[in-house]
Amino acid sequence: AFTREAFAGDPQWFTVPLGLTVLVVVEVLRWDLRRRGKPTHVPEIVALEIAGFAFLIGASPLGVIRGSSWAGAVGVALGVLVAGWGALTRVRRRLWLGLAATVGSLVLMVIVPLAQEPPDVAGATLWVLLGATGIAVVLVATALER
């Protein structure tokens, strides 16, 4: 139902509580495994956690593509919450998935309106803009490396 509605252009927001429920179940499973002294980093639980995260965030990008700005804001908020949860629990996968969802939602919120109505740029302006963007990307990459 989720895929059919998503491709029809109507993301289903019922996936958010579904994803949250899956993530809570994963956390309970990990708690139980830690309590019994067993390893918590098993492929099944990791796959379940990634699926839960996909359900949690999945409707937001589809809503942004449809032109809904509030869906992007929800995606940013959910991404920040997951990244914060990952930082608190010291789970890098959650931190990176949350940051990726936040950045992805922000990028979609900028790119989608530009793709729908591209700005009228002629002459050297486009090349100067692309050059400045390239320099900015290189500067950010250099700053991250340090």
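- At distances below 3.5 Å, not a single donor-acceptor pair connects side-chain atoms of T15 with backbone N or O atoms of L56.
- Residues satisfying the salt bridge (charged side-chain N to carboxylate O under 4.0 Å, His left out) criterion with R92, sequence neighbours excluded, are absent altogether.
- Summarising the geometry of M109 relative to V64, their closest heavy-atom pair is N-CG1, 3.9 Å, with the distance given to 0.1 Å.
- Pairs passing the salt bridge (Lys or Arg N to Asp or Glu O under 4.0 Å) check and including a residue from residues 127-144, sequence neighbours excluded, do not occur.
- Neither I50 nor L81 shares a network with the other; the hydrophobic side chains, linked directly or stepwise wherever heavy atoms of I, L, V, M, F, W or Y lie under 4.5 Å apart, form separate groups for each.
- Applying the salt bridge (Lys or Arg N to Asp or Glu O under 4.0 Å) test to residues at least two apart or on different chains, none of the pairs has a partner in residues 103-113.
- With sequence neighbours left out, R30 forms a side chain to side chain donor-acceptor pair (under 3.5 Å) with E49.
- In this structure R35 satisfies the side chain to side chain donor-acceptor pair (under 3.5 Å) test together with D32, sequence neighbours excluded.
- Using a 4.5 Å cut-off between side-chain heavy atoms of Ile, Leu, Val, Met, Phe, Trp and Tyr, L99 falls into a hydrophobic cluster with L95, W96.
- Hydrophobic clustering (ILVMFWY, side-chain heavy atoms < 4.5 Å, transitive): V91 and V82 are in distinct clusters.
- Residues that satisfy the side chain to side chain contact (heavy atoms under 4.5 Å, CB included) test with L106, not counting sequence neighbours, are V76, T102.
- The two atoms that bring F53 and G98 nearest to each other are CZ-N, 4.0 Å, heavy atoms only.
- Residue pairs meeting the salt bridge (Lys or Arg N to Asp or Glu O under 4.0 Å) criterion with at least one partner in residues 68-86, sequence neighbours excluded, are absent.
- Under the 4.5 angstrom side-chain criterion for Ile, Leu, Val, Met, Phe, Trp and Tyr, the cluster partners of L33 are V22, V25, V26, L29, V42, I45, L48.
- Counting only residues at least two apart or on different chains, the side chain to side chain donor-acceptor pair (under 3.5 Å) pairs with a member in residues 78-89 are T89-R94.
- When every heavy atom of T21 is checked against every heavy atom of P17, the shortest pair comes out as OG1-O, 2.7 Å.
- Taking each heavy atom of G19 and F55 in turn, the nearest pair found is CA-CB, 3.7 Å.
- Linking ILVMFWY residues whenever their side-chain heavy atoms come closer than 4.5 Å, directly or via other members, places I111 and V103 in the same cluster.
- Sorted by first then second residue, the salt bridge (Lys or Arg N to Asp or Glu O under 4.0 Å) pairs that include residues 124-142, not counting sequence neighbours, number zero.
- Between S105 and G72, the closest heavy-atom pair is CB-O, 3.8 Å.
- Applying the ring-ring contact (aromatic ring centres under 6.0 Å, His included) test to pairs two or more places apart or on separate chains, those with a residue in residues 59-79 are W13-W70.
- Taking each heavy atom of P61 and L108 in turn, the nearest pair found is CB-CD1, 3.7 Å.
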